[in-house]
Amino acid sequence: MDFKSHAPLEAMEIHFSVMSDAIKEEDAEERGKEFWEVFRKKLIEFMCSDKGIKKLLKEAKVKEALLIALPAALAAMGLTALFIPAVAVIVTGLLMLLLNVGLDSVCEVHAKG
């Protein structure tokens, strides 16, 4: 179906009516469970594989992003400019520690079963 020829709200309404017709009511619960199981597997795969979050952590991309974003967030909270660099480094270190430990824990639990 071509949604481009309709106004955005009309296209959205058509899309949802087509999608809701595609799944029979009696199959909806089972299909929903299947969806969330596939979603969970893909999320774990993305988090635990070397092509997802672990890759970003190994390449220090997350740490770089935090070191850029944290000073702005700290300044917005009212910290004086004198303390921002030191606090940003400490907070970034703590966040990276929590992220790594949490991610390793999730991946280890998933690997066990």
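Here the structure is a predicted model, which means the values were calculated and not measured.
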Under a 4.5 Å side-chain heavy-atom rule over Ile, Leu, Val, Met, Phe, Trp and Tyr, are [X] and [Y] clustered together?
X     : Y      : result
Leu67 : Leu97  : no
Ile68 : Leu94  : no
Leu98 : Val109 : no
Ile90 : Val62  : no

If you look only at pairs with a residue in residues 90-104, which of them pass as a salt bridge (Lys or Arg N to Asp or Glu O under 4.0 Å), with sequence neighbours excluded?
Lys54-Asp104
Nearest-0.5 Å distance that lies between atom [atom1] in [X] and atom [atom2] in [Y]:
X      : Y      : atom1 : atom2 : value
Asn100 : Leu95  : CG    : CG    : 11.0 Å
Glu30  : Lys33  : CD    : NZ    : 6.0 Å
Ile44  : Ser49  : CD1   : OG    : 11.0 Å
Leu99  : Leu66  : CG    : CG    : 8.0 Å
Ile53  : Cys48  : CD1   : SG    : 8.5 Å
Glu108 : Leu103 : CD    : CG    : 11.5 Å

Answer yes or no: is there a side-chain heavy-atom contact under 4.5 Å between Lys42 and Met47?
no
Within 6.0 Å of CZ in Phe39, more than 12 heavy atoms from elsewhere:
no
Just checking Glu29: does its CD atom have more than 12 heavy atoms from other residues, nucleotides or ligands closer to it than 6.0 angstrom?
no
With sequence neighbours left out, the residues meeting salt bridge (charged side-chain N to carboxylate O under 4.0 Å, His left out) with Glu45 are Lys51
Of all pairs that satisfy side-chain hydrogen bond (donor to acceptor under 3.5 Å, both in side chains), the ones with a partner from residues 61-71, not counting sequence neighbours:
none
